[in-house]
Amino acid sequence: MTEELAKVYVPADTERVVSERWAASGAFHAEPTTDTTKASYSVVIPPPNVTAALHLGHALNNTLQDVLVRYHRMRGFNTMWMPGTDHAGIATQTVVEKRLLQQGIKRLDMGREAFIEKTQEWKDEYETTILGQLSELGASCDYERARFTMDDMCATAVRHAFYTLFKDGLIYRGKRLVNWDPVSGTALADDEVEMEDVAGHMWYLRYPLEDGSGHVTVATTRPETMFGDTAVAVNPNDPRANELRGKNVVLPIVGRVIPIIEDDYVVLADPDSTDAKAQMSSGCLKVTPAHDPNDWDIGLRHDLEAINVMAADASISDQYGWDEISDEARPFIGLSREDARAAVVEWFEANDLLDKVVDYSHSVGHSYRSHVPIEPWLSDQWYVAASDDRLAGSALRAQRSDQVTDLAPEHQAGDTNGDGELRFVPDRYARTFQQWHEGIRDWCISRQLWWGHQIPVWNRTVESAAADGSITAALVNTEQGTAVAIGSAWSAAGGVHVARQITDTEIVESVCVPNDSTLRRLERADATMDEAALVAALEADGFVRDPDVLDTWFSSALWPMSTMGWPYPEDFPETTGNDTNLLETFNPTSLLSTAREIITLWVSRMVMFNRYFLDGQLPYNDVFIHAMVQDGHGQKMSKSLGNGVDPRDIIYSHGADAMRFTLVQMTTDTQDVRMPVDMVCPHSGESFTPEFITTKAGHLVAAPTQNSPGDPNKSMVSAYGVAVGLVEPSNDAPLARNTSAKFDGGRNFSNKLWNAVRFAVGRLDGATGTSKPVDVSSASFVDQWILARLHHTISTLETAVENYQFNVYADTLYDFIWHDVCDRYLEAIKPTLDDDGNQQAVLGAVLDASLRLMHPVCPFITETLWPHVGQARLGDVMGLELPASDILATANWPTIDAGLANAAVVANFDRAYRLITEIRTLRSKQNVKPKQRITVHAPAAVLELVDGAGGLVETLAGIGEVHPVDAGPPPVNSPLAFEGSQVFLSGMTDEVDLDAERERLEGVVSQKQKQIGGFKGKLSNEGYVSGAPEHLVQETRDMLAAAEADLAAAQAALDGLG
RNA sequence: GGGCCGUUAACUCAGUUGGCUAGAGUGCCACCUCGACAUGGUGGAAGUCACAGGUUCAAGUCCUGUACGGCCCA
């Protein structure tokens, strides 16, 4: 006998033990195999950023993945869940930089190597925390394989991918507008730009027409960029367009003569419009291609020059492409953008060219890092040609045909590997994916950071005159900036050598160097140099490595490949098995589960890269987009708001299984789920609703300091207060953990299961069961019923998993275990269990199967109970396969014969249960004590039902004796209406409370009358009778008849009361 | 500005192609410490399905519009 089970399930007592048992048994480890009898099921984790600990959103996503992974493992798939973390370039560099700054250390002072070392330490710390959290929440990852986006294996993939794209002309150097952060001196990705509403102004500036016939008035929020104006645009539909056509204006201060062009991007002026833009518009737009993304597009359409008038710090500068500085303009050079704005406005006013100034509130992009306004700035960056058909087109062709609409002919699925196989769940997200690729822009992949994969390109600038003859020959007649492949010693040695003419007199040469694993496999004319030698030679020749690093998403995009050893798994023995490797076995993976804001940043890029590098193969077939967890006020949980919840807090207050169960139950296919969050007082352990304050931005957050609910002299600090740096936890005022009553349901459910098993173990201890498998047809009524319910439950759960209906899974489990097994089955078998060997076997089997079904959602408690239930197993049930296993995590999913789904038994059970409920209601109304046994007097049909239910009604309704009603009602009785006949109860009390009885029956009568009215109304509708399907009409007729019979019975009973 | 989602009981949410008398959990009320479980049991009260139109024999479900809340992309 295993040790006794405690009265209450205490998760903390067992979770760690169970985790260790799993780890020791290697239950989650998968090996590559060519065994075709064992299909693969694989998932790569969306690697969490090493910037911070996991929050509840991660807990949700990883729980869902774990449910699927554990389910498929039990179904016998060769199952692998690849864990890992993401270096998260900009985010990590920012937090580390901030941390160092608090100690007075500046990044630039310490130098690149030392800084990377520091960042590495941070990464190690958080990687440990994150993997620990995953394990605590029960994620059944193959932890031995844990990867990091910057480890050797991933770095090798990055190098090979970059090299391949570079060689194939899909990576290029472009002068483009980037989101420039002038304070941190780096370009930001679009998603790193935060839009903020700013109360600014609209300035109306007059630009004189060249012919002296007047002026046009342009409206702008950014007067300081006017130095770079290269046109004024009007809408072609503007009435003034005709008279302005073909004219030029003289740009004030600068003196540049610029054309008036027509472009329908320009918003027509309309002071009466509800649209703020139309209200504010003057109808004329100054066009500054080098300093505004929309103007850049206009510039492309009209072939305008882009004149960059700013330096990297956003001061006005003549060093970046602005020549011919007028005397008037010279004083502005060197001014900051803020000072320049004031000075320009002042100049216009002084020269009587300022028409007016209007207050204008608008949205301005700000740096996620430094929080200053972003400067759209022209700079040299590396790009991936995502818009190329080989990438974006391929992603579009990947979409399943029933999830894509009006796809351009050239993008329609063909017959290439992977075409038409990508499926989104819920399917509406396919639209997001499609629209993104139809409007995709090339992907800026360089970042001016130190933390990341440094770009593997070495550059040098040479004077055209001094350049190699083959280079100048190759560059003849190419446009400036166009890269041309060069045959050279470098390309012979395995590099990719390109050259670009960047000015009339200068050429830039770039050599992309692959790493050794790639070099070794290249057919190259000169195979004498390895990577180190090649780099040394390049540097000796004046080449310098590009200091930038790659966008974090570049390495993430390779995740389903890089973690499995691509491109050369044989270089990493841990990825190979006897006859195959991870990549062959597990890519494409089965599923990606992620949040919807990642569709463009990550899903898209994984699809493009996996398909490009692996011959059209998709990274996964299914993409499941899960809901977002909001706080109790409907606000997104986020780091900056400090309203995130650490899953460890919930595990502490409720246990991992309770958290998982509740998260799974909350997962419907809507967009958001709301999670009201409470705090736990660290002094008393009491949970309470904190005091909320409103931030400047209008968010409701927990006040930084909270008083203890039990003792107003004690206080604590909130996660919000700490997150925004307003307070620090101390001994007197520690950080309060969070909790939420939402998880009580999960906790109670765990406890319910625990006690059901406790009951069975106690009652079956010493029982003998049955020597041969139970033939269900000879089992008792309730046993047949619970097996039929088990059959139904198993198939419902299987369908739910297939369709990613997580809430259905949780609700179905809950309903089966709590209501069917505990409330009905266990209560019903109490009187018979001890003497019925078949029943003992069925009970053990039902609990065994229940643990298996519940395991994917609640792995800890089920694994803990597993040996106890094993002990309680007293024989098999025919048609129910429950193969033994030491560890539940690797046990088989139950299979059950369709023959056990006995519909007639279920129908009779439901009838009997309705009778039970009627009797219980009546007992309750008459205040009959639970222990009091009563007598039923019933007509033949009801007697037959009660008899056939084998004691069920007697046990659950507290019936002592059952008599036929032939002899007429007993002397002291309470009548009830059941299935159209009268059933009498006696022996409840000495004197029936007639008033209560009358009230109850009157309620029944009026309810039945109302129903009858409804049915009759329906049936008197000619359209319904002739238009609705026959079976529905018949159903209504049957219900009407039943209701009428019930009404008559209730009325008779009422009359009988006198 | 474009796109998406939500609005159903006091609260948090289900409700699959239109078709039972709209469900669950929590909370609330009453009774119950009966040998698994008070993190429990039994019974009960509680909803104009946001609003306005429309389609249909039939609308919580489909269509149009409005209001409010939220998210994503510009």
Side-chain angles (χ1 to χ4, degrees), chain A residues 5 7-9 190-191 193 195 267 275-278 293-294 363 365 426 428-429 431-432 435-436 439 595-600 627-628 630 632-636 654-655 658 662 665-666 668-676 740-742 744-763 799 803 805 807-808 810-811 814-815 818-819 822-823 826-827 830 916-917 919-925 927-932 956-958 1000 1003 1007-1008 1010-1015 1018-1019 1021-1029 1031-1033 1035-1036 1038-1039 1043:
Chain A
L5 293 168
K7 192 172 172 184
V8 171
Y9 173 54
D190 290 344
D191 61 290
V193 176
M195 301 310 290
V267 178
D275 177 16
K277 278 197 174 142
N294 295 309
S363 164
R428 61 176 177 275
Y429 294 111
R431 227 177 127 88
T432 309
Q435 285 170 350
W436 166 256
R596 66 181 172 282
E597 70 262 26
I598 303 301
I599 293 172
T600 54
M628 178 139 49
Q630 298 180 335
H633 307 104
Q635 305 166 129
K636 182 179 173 176
H654 287 80
T662 300
Q665 199 177 28
M666 280 169 43
T668 64
D669 84 352
T670 54
Q671 298 209 127
D672 313 303
V673 289
R674 207 171 275 210
M675 173 73 66
S740 172
K742 273 266 201 182
D744 291 354
R747 181 196 56 192
N748 297 352
F749 184 44
S750 298
N751 192 55
K752 191 72 181 174
L753 176 77
W754 181 265
N755 276 288
V757 171
R758 207 163 80 97
F759 165 79
V761 167
R763 287 290 289 267
T799 309
N803 298 317
Q805 292 173 314
N807 64 316
V808 172
D811 289 340
Y814 186 94
D815 192 45
W818 198 307
H819 295 130
C822 294
D823 291 349
L826 293 186
E827 292 306 324
K830 278 177 180 173
I916 290 163
T917 305
I919 296 171
R920 283 170 164 179
T921 305
L922 205 148
R923 290 179 63 122
S924 175
K925 296 279 184 206
N927 279 320
V928 180
K929 297 281 175 228
K931 276 181 179 164
Q932 176 94 19
L956 296 190
R1000 188 183 66 83
Q1007 186 204 10
K1008 293 292 166 192
K1010 205 175 137 198
Q1011 285 176 11
I1012 289 166
F1015 296 140
K1018 250 183 168 178
L1019 290 167
N1021 178 349
E1022 181 53 32
Y1024 176 68
V1025 178
S1026 60
H1031 73 274
L1032 284 175
V1033 178
E1035 208 172 276
T1036 308
D1038 293 345
M1039 283 192 296

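Side chains are part of it too, since the values below use all heavy atoms of this structure and drop only hydrogens, waters and symmetry mates. By convention in this document, chain letters (A, B, ...) are assigned in the order of the sequence lines, proteins followed by strands, and residues within each chain are numbered from 1.
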Problem set entry | pair Val1025(A)-Asn1021(A): side-chain heavy atoms closer than 4.5 Å | no
Exercise. More 5' along RNA chain B: Asp811(A) or Gly1023(A), using each one's nearest nucleotide?
Worked result: Asp811(A)
Could you list the protein-to-nucleotides 25-34 of chain B atom pairs, N/O on both sides, closer than 3.5 Å?
none

For this session: In whole angstrom, give me the gap between the C1' atoms of rU8(B) and rA46(B).
Result: 14 Å
For this session: Answer yes or no: is there a side-chain heavy-atom contact under 4.5 Å between Tyr9(A) and Leu753(A)?
Result: no
Exercise. How far does the P atom of rC5(B) sit from the matching atom of rA10(B), given to the nearest Å?
Worked result: 27 Å
Problem set entry | Euclidean distance for C1', rA59(B) against rA52(B) (whole angstrom) | 15 Å
Exercise. For Tyr814(A), is the NZ or CZ atom of Lys752(A) found under 6.0 angstrom from the centre of its six-membered ring and inside 45 degrees of the ring axis?
Worked result: no
For this session: With pairs defined as Watson-Crick or G-U wobble and both distances under 3.5 angstrom, please note down RNA chain B as a dot-bracket string, | for pairing with another strand.
Result: (((((((..((((.....[...)))).(((((.......))))).....(((((..]....)))))))))))).
Problem set entry | Sugar-phosphate, base or nothing in reach of Lys1018(A), heavy atoms under 4.0 Å | sugar-phosphate
For this session: Mind calculating the distance between CG (Asp823(A)) and C1' (rA38(B)) to the nearest angstrom?
Result: 14 Å
For this session: Report the distance from atom OG of Ser750(A) to atom NE2 of His654(A), rounding to the nearest 0.5 Å.
Result: 10.5 Å
Problem set entry | Interatomic distance, Met1039(A) atom CE to Lys1018(A) atom NZ [nearest 0.5 angstrom] | 6.5 Å
Seminar exercise, completed: In this structure, CD1 of Ile598(A) is separated from CZ of Arg596(A) (nearest 0.5 Å) by 11.0 Å
Exercise. What interatomic distance, in whole Å, is found between C1' of rC13(B) and the corresponding atom of rG47(B)?
Worked result: 14 Å
For this session: Please measure how far the C1' atom in rC51(B) lies from the corresponding atom in rC68(B), and state the result in whole Å.
Result: 11 Å
Exercise. Rounding to a whole Å, what distance do you find between Asn755(A):CG and rA36(B):P?
Worked result: 10 Å
Problem set entry | Side chain to side chain, Trp436(A) and Ile599(A), heavy atoms closer than 4.5 Å | no
For this session: Determine the interatomic distance between P on rG23(B) and the same-named atom on rG65(B); round to the nearest Å.
Result: 32 Å
Problem set entry | C1' spacing across the pair rU26(B) / rU39(B), given as an integer number of angstrom | 13 Å
Exercise. Considering heavy-atom distances to RNA chain B, does Val8(A) or Trp436(A) have its closest nucleotide positioned more toward the 5' end?
Worked result: Val8(A)
Exercise. Roughly, in whole Å, what's the span from CE in Met1039(A) to C1' in rC20(B)?
Worked result: 4 Å
Exercise. With a non-hydrogen cut-off below 4.0 angstrom, is Arg674(A) in contact with a base, only sugar-phosphate, or nothing?
Worked result: sugar-phosphate
Exercise. Counting only side-chain N and O atoms of Arg596(A), is one of them less than 4.0 Å from OP1 or OP2 of rC72(B)?
Worked result: no
Exercise. Counting just side-chain N and O atoms, does Thr921(A) come under 4.0 Å of either OP1 or OP2 of rG44(B)?
Worked result: yes
Exercise. Which whole-number value in Å describes the distance from Met666(A) CE to rA24(B) C1'?
Worked result: 15 Å
Exercise. Given the C1' atoms of rG41(B) and rC4(B), what is the spacing between them in whole Å?
Worked result: 45 Å
Exercise. Between atom NZ in Lys1008(A) and atom P in rU21(B), what is the gap in whole Å?
Worked result: 12 Å
Problem set entry | Short side-chain N/O contact to rA38(B) OP1/OP2 from Lys7(A), under 4.0 Å | yes
Seminar exercise, completed: Between CD of Glu827(A) and C1' of rG41(B) the distance, given in whole Å, is 8 Å
For this session: Consider the side chain of Phe759(A), meaning its heavy atoms from C-beta on, and name the nucleotide among rA36(B), rC57(B), rG3(B) that approaches it most closely.
Result: rA36(B)
Exercise. Excluding sequence neighbours, so at least two apart, what forms salt bridge (Lys or Arg N to Asp or Glu O under 4.0 Å) with Arg758(A)?
Worked result: none
Exercise. How many angstroms lie between CD in Glu827(A) and CD1 in Ile916(A), if you round to the nearest 0.5 Å?
Worked result: 11.5 Å
Exercise. For Asn751(A), which contact category applies under a 4.0 Å heavy-atom criterion: base, sugar-phosphate, or nothing?
Worked result: base
Exercise. So, Arg923(A) side chain and Gln932(A) main chain: donor-acceptor pair closer than 3.5 Å or not?
Worked result: yes
Exercise. Mind checking whether Met666(A) and Met675(A) have side chains closer than 4.5 Å, heavy atoms only?
Worked result: yes
Exercise. How many Å lie between CG on Leu1032(A) and P on rC20(B), as a whole number?
Worked result: 8 Å
Exercise. For Leu826(A) and rG41(B), what is the distance between atoms CG and P respectively, to the nearest whole Å?
Worked result: 12 Å
Exercise. For Gln630(A), which contact category applies under a 4.0 Å heavy-atom criterion: base, sugar-phosphate, or nothing?
Worked result: sugar-phosphate
Exercise. At under 4.0 Å, does any side-chain N or O of Arg920(A) touch on OP1 or OP2 of rG43(B)?
Worked result: yes
Exercise. Side-chain contact, heavy-atom cut-off 4.5 Å: Val673(A) with Gln630(A)?
Worked result: no
For this session: Answer yes or no: does a side-chain N or O of Lys830(A) lie under 4.0 Å from OP1 or OP2 of rA36(B)?
Result: yes
Exercise. Can you check whether Arg431(A) has a side-chain N or O nearer than 4.0 Å to OP1 or OP2 of rC4(B)?
Worked result: yes
Problem set entry | Shortest side-chain distance from Lys752(A), nucleotide among rC37(B), rA14(B), rC20(B) | rC37(B)
